[in-house]
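Below: one structure, written as structure tokens.
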Amino acid sequence: LFRSTVSGTVGLGPVVSTEDLLVTAYDASGKVLGTSAVDGTDGTYSLNIARTYTGPLLLRLSSTGAGTDYRDEATNTNLDLGTTTISAVASADGSNKTVHITTLTDIAARLLTVSGGMIASDATTAKVDAANLLVAKKFIDTSATQAITALTPDFTITTTGAVDITATRYGQVLAQLSKQMADSGAG
């Protein structure tokens with residue numbers, strides 16, 4: 001069976017070595033296509049799906065245990081994702097894909113999913129691509145030409161809590177979202 005590789009970086013903040021994160025890929029009907037543990041050294045994942053699947057592809061990040069998963073940029077402490085999940089939706093076309101999963105990709109995914117977090121029945125490749133580009137344009141750069149799922153996340157702190165002054169606008173926006181969640185009591 002021919003397979004396509006889907007890989008990327010996850011980020012709520014830098015992933016820490018005690019993480020127990022899992023990425024699960026779903027097709028448009030909610031069927032699991034593949035899973036991958038997240039690498040605790042660099043926050044990456046890689047999974048294989050059948051090359052014959054084309055259409056909207058939901059990638060959901062979840063925590064499988066109580067270990068701390070990431071360094072929170074707002075509180076500068078290690079946190080567990082707990083029962084919360086974040087997602088990304090991309091368009092599978094039989095080729096290998098890079099799909100990053102962050103709080104910004106989760107915003108785009110929410111435009112394409114229904115309650116319960118599965119892909120909406122009216123989600124098309126065009127809608128998936130449009131939602132991912134819209135989030136990149138609204139949060140990162142109004143002239144963006146790449147989908148938010150294609151942009152590699154970075155962070156304003158390291159896994160040890162040291163400030164990283166090389167963070168891009170993407171990293172700064174992720175840190176601000178983390179701060180807003182912490183201030184509201186949601187994170």
Side-chain angles (χ1 to χ4, degrees), residues 7-24 36-45 58-90 98-117 128 130-187:
S7 60
T9 301
V10 302
L12 293 153
V15 170
V16 295
S17 62
T18 55
E19 61 81 26
D20 49 22
L21 297 169
L22 181 72
V23 176
T24 304
S36 171
V38 172
D39 185 325
T41 60
D42 61 7
T44 59
Y45 74 93
L58 173 70
L59 296 158
R60 180 174 293 146
L61 177 69
S62 61
S63 177
T64 61
T68 57
D69 297 315
Y70 65 98
R71 187 76 173 199
D72 181 59
E73 293 177 285
T75 62
N76 202 12
T77 57
N78 290 353
L79 296 178
D80 177 29
L81 182 59
T83 59
T84 302
T85 62
I86 63 169
S87 299
V89 177
T98 299
V99 183
H100 303 294
I101 307 169
T102 68
T103 48
L104 285 179
T105 67
D106 194 60
I107 291 170
R110 289 171 189 261
L111 298 172
L112 301 160
T113 55
V114 294
S115 64
V128 169
N132 284 324
L133 185 58
L134 173 70
V135 171
K137 286 179 178 276
K138 294 295 182 187
F139 287 93
I140 305 301
D141 184 347
T142 57
S143 62
T145 58
Q146 283 188 296
I148 194 67
T149 52
L151 301 175
T152 305
D154 60 4
F155 309 101
T156 60
I157 61 173
T158 67
T159 57
T160 61
V163 173
D164 185 346
I165 61 170
T166 65
T168 64
R169 178 167 174 82
Y170 197 173
Q172 294 165 11
V173 170
L174 290 174
Q176 183 58 39
L177 288 171
S178 178
K179 172 117 176 64
Q180 288 176 358
M181 290 176 62
D183 288 352
S184 71

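Every heavy atom of this structure was used, including side-chain atoms; hydrogens, water molecules and symmetry mates were not.
- Without hydrogens or angle criteria, Asp72 side chain to Leu79 main chain gives no donor-acceptor distance under 3.5 Å.
- A side-chain donor-acceptor contact under 3.5 Å links Lys137 to the backbone of Ala144.
- Closest approach of Thr98 and Gly8 over heavy atoms only: CG2-CA, 4.5 Å.
- The two residues Val23 and Tyr45 have their closest heavy-atom pair at CG2-CG, 3.7 Å.
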For the pair Thr85 and Ser62, evaluate side chain to side chain donor-acceptor pair (under 3.5 Å) and give the outcome as yes or no after the intermediate values.
-> CA-CA 5 Å; Thr85 62; Ser62 61; over 6 Å; no
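- Atom CG in Leu58 sits 9.5 Å away from atom CG in Leu112 (nearest 0.5 Å).
- We find the OG1-NE2 distance between Thr105 and His100 to be 10.0 Å, quoted to the nearest 0.5 Å.
- A distance of 11.0 Å separates CG of Leu22 from CZ of Arg60, quoted to the nearest 0.5 Å.
- Thr9 places none of its side-chain heavy atoms less than 4.5 Å from the side chain of Asp42.
- One distance of note links OG of Ser178 with CD1 of Ile157; it measures 8.0 Å at 0.5 Å rounding.
- The main-chain N or O of Gly171 is found under 3.5 Å from a side-chain atom of Asp154 such that the two form a donor-acceptor pair.
- For Asp20 (side chain) and Gly67 (main-chain N/O), a donor-acceptor pair under 3.5 Å exists by modelled atom type.
- Across Thr68 and Val16, no two heavy atoms sit closer than the pair O-CG2, 3.5 Å.
- Here the closest heavy-atom approach between residue Glu73 and residue Gly13 is recorded as OE1-CA, 4.2 Å.
- Rounding to the nearest 0.5 angstrom, the gap separating the CG atom in Asp69 from the CG atom in Leu61 is 8.0 Å.
- Side chain of Glu19 to main chain of Gly40: a donor-acceptor pair is present (N/O by atom type, distance under 3.5 Å, no hydrogens or angles).
- By the 4.5 Å heavy-atom criterion applied to side chains, Ser87 and Thr113 are not counted as neighbours.
- The backbone N or O of Thr156 sits nowhere less than 3.5 Å from a side-chain atom of Asp164 that would complete a donor-acceptor pair.
- Side chain of Arg169 to backbone of Phe139: a donor-acceptor contact under 3.5 angstrom is found.
- Residues Asp80 and Ser63 share a closest heavy-atom pair of OD1-OG, 3.0 Å.
- Not a single donor-acceptor pair under 3.5 Å links the side chain of Thr102 to the backbone N or O of Gly11.
- For the atom pair CG (Leu104) and CD1 (Ile148), the distance works out to 4.5 Å, reported to the nearest 0.5 Å.
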Decide side-chain contact (heavy atoms from CB on, under 4.5 Å) for Asp141 and Tyr170; before the verdict, give the C-alpha distance in whole Å, the side-chain angles of both, and the deciding distance to 0.1 Å.
-> CA-CA 9 Å; Asp141 184 347; Tyr170 197 173; over 6 Å; no
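- Across all non-hydrogen atoms, the minimal contact from Ala136 to Ala147 is CB-C, 4.2 Å.
- With contacts defined as side-chain heavy-atom distances shorter than 4.5 Å, the pair Arg71/Asn76 qualifies.
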